[in-house]
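Beneath this line is the structure, given in structure tokens, with notes to follow.
No experiment lies behind these values; they were computed from the predicted model shown. Proteins get letters first, then strands, A, B, ... in listed order; numbering begins at 1 in each.
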Amino acid sequence: MLLDFDRLGGLKWVLVGIGILVSAFLLLPILFTVALSFGSSQWLLFPPPGWTLRWYEELWADPRWITSTLTSLQCAVLVTLLATGLGLLASFGLVRGRFAGRETVRALFLMPMIMPVIVVAVALYAFFLRIGLGGTLIGFVLAHTVIALPLAITSISNALERFDKAIEDAAILCGASPWEARLRVTIPAIRDGLFGAAVFSFLTSWDEVVIAIFMASPTLQTLPVHIWGTLRQDLTPVVAAASSLLLLFTLAVMLLAAWFRRRST
Amino acid sequence: MSSISIPNRRNAAARPPPVPSSGVSFVLPALLLILAVFILPVVMLLLRSVTEPDPGLQNYRELFESATVARVFVNTFVVSGLVTAIALLIGFPIAWLLVILPKRWADLLFGIVILSMWTNLLARTYAWMVLLQRTGIINKTLMGLGLIDTPLPLVNNLVGVTIGMTYIMLPFIVLPLVTTMRAIEPDLLRAAALCGAGRWEAFRRVLLPLSLPGIAAGGLLTFVMSLGYFVTPSLLGGAGNMMAAELIAQLVQSLLNWGLGGATAFALLVLTLALYAVQLRLLQRGRSQRGG
Amino acid sequence: MTPFLDIQNIKKTYGATVAVQDVTLGIGRGEFVTFLGPSGSGKSTTLYVIAGFLDPTEGDVRIQGQSILSVPSHKRNIGMVFQRYTLFPHLTVAENVAFPLRVRRRPNDEIERKVAEMVRLARLETVRDRLPSQLSGGQQQRVALARALVYDPPVLLMDEPLSALDKKLREEIQYEIRRIHQETGVTILYVTHDQEEALRLSDRIAVFSQGRIDQIGTSAELYQNPATRFVAGFVGNSDFLSCRIDRVEGHSARIVLPDGACVSGVRSHGTVRAGSEGTLMLRPERVRIRNAASNTTPSENGAAGLSVTIRDITFLGDNTHFAVETDWKQPMAIRVPFGRAGAEGLAVGDRARVDWVAEDAHVFAESANG
Ligand SMILES: Nc1ncnc2c1ncn2[C@@H]1O[C@H](COP(=O)(O)OP(=O)(O)OP(=O)(O)O)[C@@H](O)[C@H]1O
Ligand SMILES: [Mg+2]
């Protein structure tokens, strides 16, 4: 009965009450940021004394916001391509392959996910400085690909495991060569997993702060690095404006994902 | 006499696929990347902890003897424990609701949880910096209500860190819990009710024990993530109340003490891996208890 | 003359496990041959060898005298319907059926024509633009059949294609398969563990047991003249009684039942030797039962018989099922068609006589408990 919503009696309203409070706890900071981004108070007074688009204008006028956003985009797109591609290959090997040490390799691929990010960041910082990749786009892309890979591989492997190999065999018996069968049948059939891997990889890179802070140079910064730097100086409402734009972007990605999922079922 | 039906145990699914393939070459590119850009750098960092400034274990001696380091690790454990406990207390009812609410409402609540999880980390931390500051809305509201006279110090200390991190960790508790609770058969609780168990008894003896794997998984994930968390503690915490990740960053970035930094990183790493190993053991034991 | 599809001494081992051992079978063009056997008896393995998914450890497979073992699966031009649903999930019914022609780079108008033809043959007109996830299991397997036939393969393999369907649907599609077989004249190798399905569909049946073919023949041959105790138990229903073999002359034997009764003129199979233990096999519908009181001796009407106790009686409409027990406690089943005289008035617990015509009894060398 505890799992029948309508049979909970008074407990039902206790739970609903908690649900509303927690929803408020989760939503308010986000909504609050959006409100402040349009507020006219430099000191982030709430409720704001007036409304303005000034912070968005400042954002737009400052080339550092634009260039860091472009860097982030560029980096995230490259990471998406690389992590999804490598993840697809690796998943085929892990799911279909029969070789000694497969479980060890699988565990290795998952390591970057369970390792504290700060350890990865510090280790890569030292390493890239030594080999001359510090502060370069290649450095960013390689580092983010490493931490995006676990999620990409998990997503694709799960899809590939759900996919019945007999379908690929059927395609081969229909006359498709093994590669043609993979390209024309298997990959389209696991596109949900691929799409998930792409979204995860993109967001991993797009949102990543810690590694980026260590890796950034004055001339090459991602968006999170720039926000970080700004925040350490003062709590300007410009960050609220940037946050609101990021929120809009997140919502767009979520809707896209939901639309994609609906279309594929 | 023989029967008409033939023993029909389907073993086709359990068997490996009929086409043999080796597949090493497929994992090779990703493997090379992980080895070169992950394993190698981490090993090099750990090596520095026993080679800098001089070869030997003096960094580890310092790690264990330094009062500062000890305080940092106490802070880290206290905050991580608090965050995990609070997030579990809040997260359990949310997961429960997500399982039993009518679909529309469940979808809405789920959307809220996911939105907060996917919102940029810095944006969320920024919001809490603003909310919690001395002139922030929380202090103003409390003062307006006459509950306090002077603003509470909510930021630049461990209170702020705990609040901000609980906010960020909540989804990581809720999602595994939902998976576990979804798998619980509602008929079990109906049966418990028919057996005479009241709400509290049914909760204590059926729902809670069956949710335990999810609680353990989510709790451990949260605790381990909190141990190594960097962003929120640096922005919401104070200079006097560092957590482990901040200490590592400071050691290598400001103090250029790579030896001690590497040793601290190693300590954090060992802690993390040990906790994951514990979780793995728990998982395996749970699985074998369920008999397969 | 060499058979159209010639399977020669196929053997397949996995380390120490032998999956298939010495399977030899010649199949004529247009024939419908079924592999019947219990789970794990090597049916799928044999099929996979023909399809090229497995390389045999030994042996050869030839089509029209040409070995196909060195031809990769996708060039073998063989059609196959799998046990599990294997439609391409992202393609519609029509696109699934068109797939084999697309990979063969056939011109569009030919593809369209052939797909339309197949969709009609498999009665899929109403669902041709649906995705596999929107089809029932029976429809999915019909699409799989259409896809396997669209490129006119000389041989069609079917590995338990109907095992996931319920009984009624299964019978419906069995009928469709027969029709399609007759219309296209394709050579079919069909795998099943359902004897009814095998009897209904096939020209010939190969009974598999532990990686070997025990017997190949038409349904009637298998039923009337089972080569082994296994085939007897697998095809049709049977009663097995343990016995001792007394004398063997050609294909006729005299046996002694545990109660001492002697039965002569029993048909013997395999290597039945005098003096050894054996199994007497009877078909439940060929055994007669009557009241023990009615005082006729078996020898008078040329039949053998024994005394039993009735344990259960089930009325099944067109026949009545008697579960009885011999004096030495072996169970037997007897089926009496509705309206046959002799069994009236029998009740549970009664003593009764059962008897049969001598040539309806078979004896095998293997023991009854084997
Ligand atoms: N990859 C493998 N490794 C080891 N043994 C195998 C493998 N594949 C099949 N076998 C064994 O070979 C034997 C024959 O298997 P096969 O799949 O041909 O049986 P089947 O007659 O098709 O049974 P079913 O009715 O269950 O489909 C079985 O004992 C099986 O366990
Ligand atoms: Mg099989």
Side-chain angles (χ1 to χ4, degrees), chain A residues 1-5 11 15 18-19 22-23 26-27 29-30 32-33 36 43-44 46 86-87 89-90 92-94 96-99 105 108-109 111-112 114-119 122-124 126-127 142-143 145-146 149 165 169 203 207 209-210 224 227-228 231 235 239 243 246-247 250 254, chain B residues 17 19-24 26-27 29-31 33-34 37-38 41-42 44-45 90 93-94 96-97 99-102 109 112-113 116 118-124 126-131 137 184 186 189-190 193 199 202-203 207 228 230-231 235 245 248-249 252 261 265 268-269 272 276:
Chain A
M1 311 286 277
L2 288 181
L3 290 177
D4 293 302
F5 186 62
L11 194 57
L15 280 179
I18 295 177
V22 173
S23 299
L26 288 174
L27 275 183
I30 299 172
F32 181 73
T33 311
L36 281 183
W43 313 112
L44 299 161
F46 195 89
L86 291 178
L89 280 178
F92 262 104
L94 287 178
R96 300 274 181 83
R98 302 275 170 272
F99 52 90
V105 172
L108 262 182
F109 283 149
M111 277 290 266
I114 63 173
M115 187 87 81
V117 187
I118 186 72
V119 177
V122 169
L124 284 180
F127 182 67
L142 287 180
T145 303
V146 165
L149 258 180
K165 174 81 163 45
D169 292 344
L203 287 179
D207 263 356
V209 196
V210 185
I227 299 180
W228 172 270
L231 278 183
L235 282 179
V239 175
S243 296
L246 283 173
L247 179 69
T250 305
M254 274 178 74
Chain B
V19 182
S21 61
S22 125
V24 194
F26 284 92
V27 300
L31 189 61
L33 182 77
I34 293 277
V37 188
F38 177 70
V42 170
M44 279 168 65
L45 175 70
I90 307 177
I94 296 304
W96 191 355
L97 270 174
V99 172
I100 60 172
L101 273 180
L109 186 56
I112 293 174
V113 173
S116 88
W118 278 21
T119 301
N120 187 287
L121 175 63
L122 286 171
R124 286 180 286 169
Y126 168 80
W128 283 108
M129 289 168 79
V130 176
L131 280 166
I137 186 170
I184 301 176
L189 289 139
R190 294 179 194 133
R199 282 186 215 300
F203 177 81
L207 188 62
F230 177 70
V231 174
L235 290 176
I248 297 173
V252 303
L268 191 60
L269 190 67
T272 306
Y276 272 113

Exercise. Side chain, backbone, both or neither: which part of B/T119 has a non-hydrogen atom closer than 4.5 Å to chain A?
Worked result: both
For this session: Taking ring pair (Phe, Tyr, Trp, His ring centres under 6.0 Å) as the test, write out the residues that go with B/F230, two or more places apart.
Result: A/W228
Exercise. Between A/L11, A/L26, A/V119, which residue shows the highest count of heavy-atom pairs closer than 4.5 Å to chain B?
Worked result: A/L26
For this session: Check side chain to side chain contact (heavy atoms under 4.5 Å, CB included) between B/A127 and all other residues, then give those that pass, not counting sequence neighbours.
Result: A/P29, A/T33
For this session: Give, for atom CZ of A/F109 and atom CD1 of B/I34, the distance between the pair rounded to the nearest 0.5 Å.
Result: 6.0 Å
Exercise. Between A/L108, A/I114, A/I227, which shows the greatest number of heavy-atom pairs under 4.5 Å with chain B?
Worked result: A/I114
Exercise. Hey, which of A/L231, A/T145, A/V105, A/L247 has the most heavy atom pairs under 4.5 Å with chain B?
Worked result: A/L231
Problem set entry | Minimum side-chain heavy-atom gap A/L235-B/Y126 below 4.5 Å | yes
Problem set entry | Candidate pair A/S23 and B/L109, rule side chain to side chain contact (heavy atoms under 4.5 Å, CB included), full reasoning | CA-CA 7 Å; A/S23 299; B/L109 186 56; 3.2 Å; yes
For this session: Examine whether an atom of B/L31 lies under 4.5 Å from a heavy atom of chain A, and if so say whether it belongs to the side chain, the backbone or both; otherwise answer neither.
Result: both
Seminar exercise, completed: Under 4.5 Å to a heavy atom of chain A? For B/W118 that would be both
For this session: Return the minimal non-hydrogen interatomic distance between B/L269 and A/P116, and the atom names on each side.
Result: CD1-CD, 4.1 Å
For this session: Kindly compute the distance separating CZ (B/F38) from CZ (A/F127), expressed to the nearest 0.5 Å.
Result: 13.0 Å
Seminar exercise, completed: Tightest non-hydrogen contact, residues B/V27 and A/G93, listed as CG1-CA, 3.8 Å
